[in-house]
Amino acid sequence: MLHIFRNAAKARLSMFPSLRQRLPQARVARFATEKDSVSRAHIQGREKMRLYQEHLKKRNMTSLLYAGSFLITFVGIAYAAVPLYRIFCKRTGFMGAPKTDVVIRDENTLRPLEGHRPLKIKFSAQVSGTLDWKFIPEQTGVTVVPGETALAFYKAKNLSKKAIIGIATYNVIPEKSAQYFNKIQCFCFDEQKLDPGEEVDMPVFFFIDPEFAEDPWMDDVDTITLSYSFFKATNRD
């Protein structure tokens, strides 16, 4: 019996080396399969991420192009609106802008209307805080009647130690009278360069249109104020 038992034990022990050999091989095969699956999943994930990033880039580029086009269009409209607005105001007197698009008149249509009440024309001046200038009217006012031409002067002086370019805007009060305030010569909307300490006289040659006397809405207008404001020209030294 003991002999039989020993032979059986030897037979069983002889089986373990083959089990030990097959078990690592199975583990290696399963690990390789799992590693291959993980690699394929990783590659697929990277490809999806690349495609998603390309999609984002295209979408961002499209949005950027749209934004750029909108900005360029808006800037173009803004630049075009300024001169168009000025032309409109000059032709109609809208928002208190004096008319400079004067109707051609001869000596019969442009002469003082005798018997019309006198109109007091006052002058005022303002300077932007960024413009180191002194700017004042040389007279506080003049008296005219419709159809009578008048000449007034403003004085500007550069108080700084460097040359500065300024530009003036203007309006008329009351606004409803602006359509009849015609300027033959003025310095508005033109760049004015003054050297350090330089002082200049700026003329304004104007008249009140004779049609002022025929407009019933002007019956309560006895005083008209011409106001100028000087600003530093942008992007200019």
Side-chain angles (χ1 to χ4, degrees), residues 67-104 119-144 148-175 177-209 223-237:
S69 301
F70 175 79
L71 180 61
I72 293 173
T73 302
F74 182 80
V75 171
I77 293 174
Y79 273 101
V82 173
L84 291 176
Y85 176 78
R86 290 176 179 173
I87 293 172
F88 173 75
C89 291
K90 290 177 181 179
R91 287 180 177 270
T92 64
F94 181 70
M95 292 300 290
K99 291 174 64 177
T100 55
D101 186 27
V102 183
V103 177
I104 298 177
L119 301 174
K120 180 69 173 180
I121 311 299
K122 293 183 177 181
F123 305 97
S124 67
Q126 294 82 35
V127 181
S128 169
T130 61
L131 183 63
D132 193 11
W133 281 14
K134 181 181 179 181
F135 177 59
I136 58 173
E138 295 191 27
Q139 60 286 302
T140 58
V142 296
T143 301
V144 298
E148 179 182 1
T149 58
L151 180 64
F153 288 90
Y154 282 77
K155 186 182 294 291
K157 182 176 182 180
N158 184 357
L159 303 178
S160 72
K161 296 182 179 180
K162 64 178 182 178
I164 301 179
I165 298 176
I167 189 168
T169 61
Y170 57 85
N171 70 324
V172 170
I173 302 172
E175 292 179 1
S177 66
Q179 59 183 313
Y180 299 111
F181 198 109
N182 290 274
K183 293 194 299 179
I184 301 172
Q185 178 185 357
C186 70
F187 51 87
C188 50
F189 296 125
D190 293 329
E191 292 185 348
Q192 308 290 334
K193 182 178 180 180
L194 296 184
D195 292 325
E198 183 180 3
E199 184 177 69
V200 296
D201 293 326
M202 298 180 176
V204 182
F205 191 37
F206 67 94
F207 68 93
I208 305 299
D209 196 294
T223 301
I224 299 175
T225 301
L226 176 63
S227 178
Y228 281 91
S229 298
F230 248 110
F231 301 88
K232 185 177 182 180
T234 57
N235 300 324
R236 301 294 298 272
D237 295 327

Return the [atom1] to [atom2] distance between [X] and [Y], rounded to the nearest 0.5 Å.
| X | Y | atom1 | atom2 | value |
| --- | --- | --- | --- | --- |
| I165 | D190 | CD1 | CG | 12.5 Å |
| T223 | L119 | OG1 | CG | 8.0 Å |
| E138 | M202 | CD | CE | 10.5 Å |
| D209 | F181 | CG | CZ | 12.0 Å |
| L131 | I167 | CG | CD1 | 11.5 Å |
| T143 | E148 | OG1 | CD | 9.0 Å |

**Study point:** Atom NZ of K157 with >12 non-hydrogen neighbours under 6.0 angstrom
**Key:**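 Counting other residues, nucleotides and ligands, NZ of K157 stays at 12 neighbours or fewer.
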| message | Is it the case that atom NZ in K134 sees more than 12 heavy atoms from other parts of the structure closer than 6.0 Å? | response |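 Count not over threshold, so no.
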Close side-chain approach of [X] to [Y], heavy-atom, < 4.5 Å:
| X | Y | answer |
| --- | --- | --- |
| L194 | V200 | yes |
| I184 | F206 | no |
| I173 | I224 | no |

Margin query: As a quick check of understanding, evaluate side chain to side chain contact (heavy atoms under 4.5 Å, CB included) for F205 and T149, giving each step before the final call.
Written below: CA-CA 7 Å; F205 191 37; T149 58; 3.7 Å; yes
_Between T169 and N171, does the side chain to side chain contact (heavy atoms under 4.5 Å, CB included) criterion hold? Intermediate values first, please._
CA-CA 7 Å; T169 61; N171 70 324; over 6 Å; no
I need the minimum non-hydrogen distance between [X] and [Y], along with the two atoms involved.
| X | Y | value |
| --- | --- | --- |
| A152 | F123 | CB-CZ, 3.5 Å |
| D195 | A163 | OD1-CB, 3.7 Å |
| W133 | I164 | CZ2-O, 3.4 Å |
| T225 | S124 | CG2-OG, 4.1 Å |
| A125 | Y154 | CB-CE2, 3.9 Å |
| K162 | K232 | NZ-NZ, 4.5 Å |

Verify, without hydrogens or angle tests, whether [X] (side chain) and [Y] (backbone) share a donor-acceptor contact under 3.5 angstrom.
| X | Y | result |
| --- | --- | --- |
| Q139 | F153 | yes |
| D201 | K155 | no |
| D132 | T130 | no |

Next item on the list: Return the orientation label for the F187 and F230 ring planes: parallel under 30°, perpendicular over 60°, tilted otherwise.
Entry: parallel
TODO: Can you label the angle between the Y228 ring and the F135 ring as parallel, tilted or perpendicular, going by 30° and 60°?
DONE: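 Perpendicular.
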Flag this pair as yes if the NZ/CZ of K183 is under 6.0 angstrom from the six-membered ring centre of Y170 and inside a 45 degree cone about the axis; otherwise no.
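Flagged: K183 positioned over aromatic ring of Y170.
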Evaluation steps, side chain to side chain contact (heavy atoms under 4.5 Å, CB included), between V144 and I121: CA-CA 7 Å; V144 298; I121 311 299; 3.7 Å; yes
Worksheet item: side chain to side chain contact (heavy atoms under 4.5 Å, CB included) between V127 and S229: does it pass, once the steps are laid out?
Response: CA-CA 6 Å; V127 181; S229 298; over 6 Å; no
